[in-house]
Protein chains: 2
Amino acid sequence: MGALEHNPPLQARQARQLLRAMADPLRLQVIEALGGGERCVCDLTGELGLAQSKLSFHLKVLREAGLIEAREQGRWIYYRLRSEALQDLQHWLAGLADRCDQPARGCN
Amino acid sequence: MGALEHNPPLQARQARQLLRAMADPLRLQVIEALGGGERCVCDLTGELGLAQSKLSFHLKVLREAGLIEAREQGRWIYYRLRSEALQDLQHWLAGLADRCDQPARGCN
DNA sequence: AAATTAGATCAACAAGAGTTGATTCATCAA
DNA sequence: TTGATGAATCAACTCTTGTTGATCTAATTT
């Protein structure tokens, strides 16, 4: 067990939630934006040109998938990307790719 | 340019299509099954206990995402997993994770 | 040629996801 | 305390996905 890999492996269910959350152009934009650093919602709406309730909806999807995290401060809510989530997904994908690399069985 | 990485990087659109295709429990089952080697559709319906038209629908989604490939032989159609697709997605994800690892900018 | 069989496709429906505008709640400024 | 602002939530609606059973086509067997 390497010192850099302390997270328990993703369950298929969580992996699917992450995949689904990321499979949307708008949400990917949000991810990329937050990749550049924490943002408050009002900045995001401006940056991405979205209606407030629309953004809120997508933030919820990302939040529930564990991809982002909210922190409230005063009147604002700041969101940041949970890069652990991306890592977990990477590991899960690697595991899947491994599993699927087995020698072909014949078709019976 | 490494000798092992000859595929052009995925476009965001293709990546999203892969993510979406994989974000479904049934389709993941198909992927895992094909990971064990090529199968014909009739074997898959048996193995997964699915109605023929239902499986056909999901195979189409996977096919259009580039995750699987069909080969017809006589009366049967054999599907195999395109492991390149999994690799491409891994690289794309790694790229995203990298891009999102930049030092936090402040919230203006 | 007629009967089977594998698998795609289609039409009708059911379920789920995304959008929009209105409402609500909390915090901050006057 | 009143007024304004940030952000979540809700209800109504639309759009997209998924399901089911039926039909269709091509290859195969008899």
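Please read these numbers as outputs of a predicted model, since none were measured by experiment. Letters A, B, ... are given to chains in the order of the sequence lines, protein chains preceding strands, and every chain is numbered from 1.
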*Could you go through the side chain to side chain contact (heavy atoms under 4.5 Å, CB included) check for B/Leu10 and B/His91 one step at a time?*
CA-CA 8 Å; B/Leu10 278 189; B/His91 293 140; over 6 Å; no
_I'd like to know whether A/Ile68 forms a side chain to side chain contact (heavy atoms under 4.5 Å, CB included) with A/Arg27, so could you lay out the CA-CA distance, the side-chain angles of the two residues, the decisive distance to 0.1 Å, and finally the verdict._
CA-CA 11 Å; A/Ile68 63 177; A/Arg27 290 194 289 260; over 6 Å; no
*Give the C-alpha distance, both sets of side-chain angles, the deciding distance and a yes or no for side chain to side chain contact (heavy atoms under 4.5 Å, CB included) between B/Leu67 and B/Val30.*
CA-CA 11 Å; B/Leu67 259 167; B/Val30 172; over 6 Å; no
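Separating the CZ atom of B/Arg63 from the P atom of C/dG7 is a distance of 12 Å, rounded to the nearest angstrom. Taking atom CD1 of residue A/Ile68 and atom C1' of nucleotide D/dA7, one finds them 13 Å apart after rounding to whole Å. B/Ile77 places its CD1 atom 12 Å from the P atom of D/dT28, with the value rounded to the nearest Å. For the pair B/Glu64 CD and C/dT9 C1', the interatomic distance rounds to 12 Å; values are reported in whole Å. Taking atom CZ on A/Arg16 and atom P on C/dG16, their separation rounds to 14 Å, with Å as the unit. Nucleotide C/dA8 holds its P atom 13 Å from the CG atom of B/Leu50, rounded to whole Å. When rounded to the nearest whole Å, the span between CG of A/Asp43 and C1' of D/dT5 equals 14 Å. Rounded to whole Å, atom C1' of C/dG18 lies 14 Å from atom CG of A/Leu59.
Residues that satisfy the side chain to side chain donor-acceptor pair (under 3.5 Å) test with B/Arg80, not counting sequence neighbours, are B/Glu69.
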*For nucleotides 23-30 of chain C, read 5' to 3', which letter fits each nucleotide if B means a protein heavy atom sits under 4.0 Å from the base, S means only the sugar-phosphate is that close, and - means neither?*
----BSS-
Please write out the pairs of protein N or O atoms and N or O atoms of nucleotides 17-20 of chain D separated by less than 3.5 Å, giving the distance to one decimal.
| residue | atom | partner | partner atom | Å |
| --- | --- | --- | --- | --- |
| D/dT17 | O5' | B/Arg20 | NH2 | 3.3 |
| D/dT17 | O3' | B/Arg20 | NH2 | 3.2 |
| D/dG18 | OP1 | B/Arg27 | NH1 | 3.3 |
| D/dG18 | OP1 | B/Arg27 | NH2 | 3.1 |
| D/dG18 | OP2 | B/Arg20 | NH2 | 3.0 |
| D/dG18 | OP2 | B/Arg27 | NH1 | 3.4 |
| D/dT19 | OP2 | B/His58 | NE2 | 2.4 |

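When every heavy atom of B/Leu59 is checked against every heavy atom of B/Tyr79, the shortest pair comes out as CD1-CE1, 3.6 Å.
Contact check, B/Tyr79 against C/dA6: no side-chain N or O comes under 4.0 Å of OP1 or OP2. Within the 4.0 Å cut-off from OP1 or OP2 of C/dA8, at least one side-chain nitrogen or oxygen of B/Ser56 is found.
Within the 4.5 Å cutoff, no side-chain heavy atoms of A/His58 are placed close to those of A/Leu50.
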